[in-house]
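As structure tokens, the structure follows; a few thoughts come after it.
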Amino acid sequence: MKSGLYIVATPIGNLHDISPRAVEVLKAVQVIACEDTRIAKKLLSLLGISLNKTFLTLHDHNEEEHAIRLIELIKENDISAALISDAGSPLISDPGYKLIRRCRRENIYVTVLPGCCALICALQLSGLPTNRFLFAGFLPNRDKARKEAFEQVKNINATVVFYETASRIIKSLEAAAEIFGCREMAVAREITKMYEECLNGTAGELLAAFAEKQPKGEMVLMIAPAGEEDSPSLDIDVLLREELNQHNLKTAVKNLVERYHLNKNELYTRALKIKDHEQ
Ligand code: SAM
């Protein structure tokens, strides 16, 4: 096996999703660079691969230092190493790019063994446009920063993809409802696992779905491109007309804000237009 660094994708849920070539490489390398040695060792054991190797952790805080160590190991001993993540494709919202940059600068052979990547699987499941997409990593944790992140991508003509966690998805969808209104979005969760599902709808509809069934597992949030039609399942003008037939403007808007978490100002503007048109 050629000396160098092998970037190896690992499964995101289903062990059988690892490629035969990836297994061969993980068997053959002398060093494994990983995020968590316990998770890496568990994977190797499940694949029936010997643990008689050097394991080196790679995190944001130690990446430069451990990259230097790994490169020394490769150079001095003419050996090969694999870079893996806890799950999925290394380097995608996972550590590694500083190591790769250093290896390339030092003329170390670097190659990639492709495989599972949560963002690609999620896009494939979503039914949203895939010809142009923007992967925006994890959403910030704080309310203000999260809203700013949404505002930044609001007018982009591409499907926008975020990694998300079950504990934060409700807050994210509440903020998304305010900013994206009736834009179609999708949440893909537990991909390749037993409870895999992909839910599509407006942020309000997704919130309603998660009110009935608590969000669980790993998830990816995707937002349809700006300029796409509103969610096919929710025609906001029809809803507004129904409400305006029964209530005054203020109550009609209030009811829809409460029911679908839509943006109040946007609803007012639409409601006024409907009223003007009808007069
Ligand atoms: N590098 C990995 C990849 O791209 O496949 C992703 C690592 S990132 C630290 C972990 C995030 O990926 C999770 O919070 C979730 O958003 C997403 N993810 C990973 N596995 C998933 C799965 N089976 N289903 C849905 N999302 C998943």
Side-chain angles (χ1 to χ4, degrees), residues 5-19 22 25-26 32-40 42-43 46 57-63 82-101 110 112-128 130 133-142 145-146 149-150 153 159-173 175-176 185-201 203 206 209-210 213-223:
L5 181 67
Y6 294 71
I7 304 166
V8 181
T10 57
I12 57 170
N14 188 324
L15 186 66
H16 297 290
D17 289 334
I18 193 151
S19 75
V25 166
L26 291 176
I32 304 261
C34 58
E35 291 180 87
D36 183 331
T37 51
R38 284 167 307 177
I39 294 176
K42 190 172 168 199
L43 175 71
L46 287 169
T57 58
L58 218 57
H59 299 291
D60 288 342
H61 64 271
N62 69 14
E63 193 173 337
L83 168 65
I84 61 171
S85 302
D86 285 349
S89 288
L91 299 126
I92 309 301
S93 283
D94 273 334
Y97 87 92
K98 290 177 189 154
L99 169 65
I100 305 303
R101 194 161 55 181
V110 178
V112 62
L113 283 80
C116 293
C117 181
L119 89 97
I120 299 297
C121 297
L123 272 169
Q124 289 166 322
L125 284 172
S126 72
L128 296 178
T130 51
F133 64 86
L134 171 77
F135 174 55
F138 278 99
L139 275 164
N141 204 357
R142 288 189 3 262
R146 187 188 289 119
F150 280 150
V153 297
T159 297
V160 183
V161 187
F162 293 101
Y163 280 163
E164 198 35 293
T165 62
S167 59
R168 287 169 18 182
I169 189 73
I170 298 296
K171 281 200 159 191
S172 294
L173 287 172
M185 27 197 97
V187 173
R189 53 170 219 102
E190 295 290 87
I191 301 168
T192 76
K193 301 182 194 177
M194 188 185 288
Y195 296 107
E196 172 183 295
E197 69 175 349
C198 185
L199 302 172
N200 286 54
L206 294 172
F210 286 130
K213 200 171 79 178
Q214 203 196 344
K216 281 191 188 150
E218 301 199 272
M219 44 188 70
V220 181
L221 169 65
M222 293 155 284
I223 300 167

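Order of appearance sets the numbers: ligands from 1, and atoms from 1 within every ligand. Heads up: numbering here begins at 1 and tracks the sequence.
- Heavy-atom proximity to S93, at under 4.0 Å, picks out these atoms of ligand 1: 8 (S), 9 (C).
- For the pair R189 (side chain) and E218 (backbone), a donor-acceptor distance under 3.5 Å is absent.
- In this structure, the protein non-hydrogen atom closest to atom 2 (C) of ligand 1 is A87 O, 3.4 Å.
- Close approach of ligand 1 to K193 (heavy-atom distance below 4.0 Å) involves ligand atoms 23 (N).
- Residue contacts with ligand 1: E164 is placed with a nitrogen or oxygen under 3.5 Å of a nitrogen or oxygen of the ligand (distance criterion only).
- Remark: K98 NZ is packed, more than 12 non-hydrogen atoms of other residues, nucleotides or ligands lying under 6.0 Å away.
- How far CD1 of I191 is from CD of E197: 11.0 Å, rounded to the nearest 0.5 Å.
- Heavy-atom neighbours of K193 NZ from other residues, nucleotides or ligands within 6.0 Å: above the threshold of 12.
- Any N or O atom pair closer than 3.5 Å counts here, and I12 shares at least one such pair with ligand 1.
- Considering only non-hydrogen protein atoms, atom 3 (C) of ligand 1 sits nearest to Y163 OH, 3.4 Å.
- In this structure, Y163 contributes its side chain and F135 its backbone to no donor-acceptor pair below 3.5 Å.
- With respect to atom 5 (O) of ligand 1, the closest heavy atom belonging to the protein is A118 N, 2.9 Å.
- G13 does not count as a contact of ligand 1, since none of its heavy atoms falls under 4.0 Å from the ligand.
- Counting heavy atoms from C-beta on, the side chains of I120 and F133 come closer than 4.5 Å.
- For D94, the heavy-atom gap to ligand 1 drops under 4.0 angstrom.
- In terms of protein heavy-atom proximity, atom 20 (N) of ligand 1 is closest to E218 OE1, 3.3 Å.
- For the ligand labelled ligand 1, residue F138 lies inside the 4.0 Å heavy-atom shell.
- The side-chain contact (heavy atoms from CB on, under 4.5 Å) test with P90 is passed by exactly one of P95, S85, C117: S85.
- Here the CD1 atom belonging to I18 is positioned 12.5 Å from the CD1 atom belonging to I12, to the nearest 0.5 angstrom.
- Under a 4.0 Å criterion applied to the non-hydrogen atoms of C117, ligand 1 contributes the atoms 4 (O), 5 (O).
- How far CD1 of I32 is from CD1 of I84: 5.0 Å, rounded to the nearest 0.5 Å.
- Proximity of a side-chain donor or acceptor of E63 to a complementary backbone N or O of G96 within less than 3.5 Å is detected.
- Considering backbone and side-chain N/O of S89, one or more are found under 3.5 Å from N/O of ligand 1.
- Taking CG of D36 as the start and CG of L58 as the end, the distance is 12.5 Å to the nearest 0.5 Å.
- V220 has its side chain out of reach of F162: every pair of non-hydrogen atoms, C-beta onward, lies at least 4.5 Å apart.
- Under 4.0 angstrom from ligand 1, the non-hydrogen atoms of M219 all belong to its backbone.
- Among the atoms of T165, none of the N or O lies under 3.5 angstrom from an N or O of ligand 1.
- For ligand 1, none of its N or O atoms has an N or O atom of A188 under 3.5 Å away.
- The closest approach between a heavy atom of V220 and any atom of ligand 1 is below 4.0 Å.
- At the shortest separation from atom 24 (N) of ligand 1 among protein heavy atoms lies I191 N, 2.9 Å.
- The distance criterion of under 3.5 Å between nitrogen or oxygen atoms is not met by G88 with respect to ligand 1.
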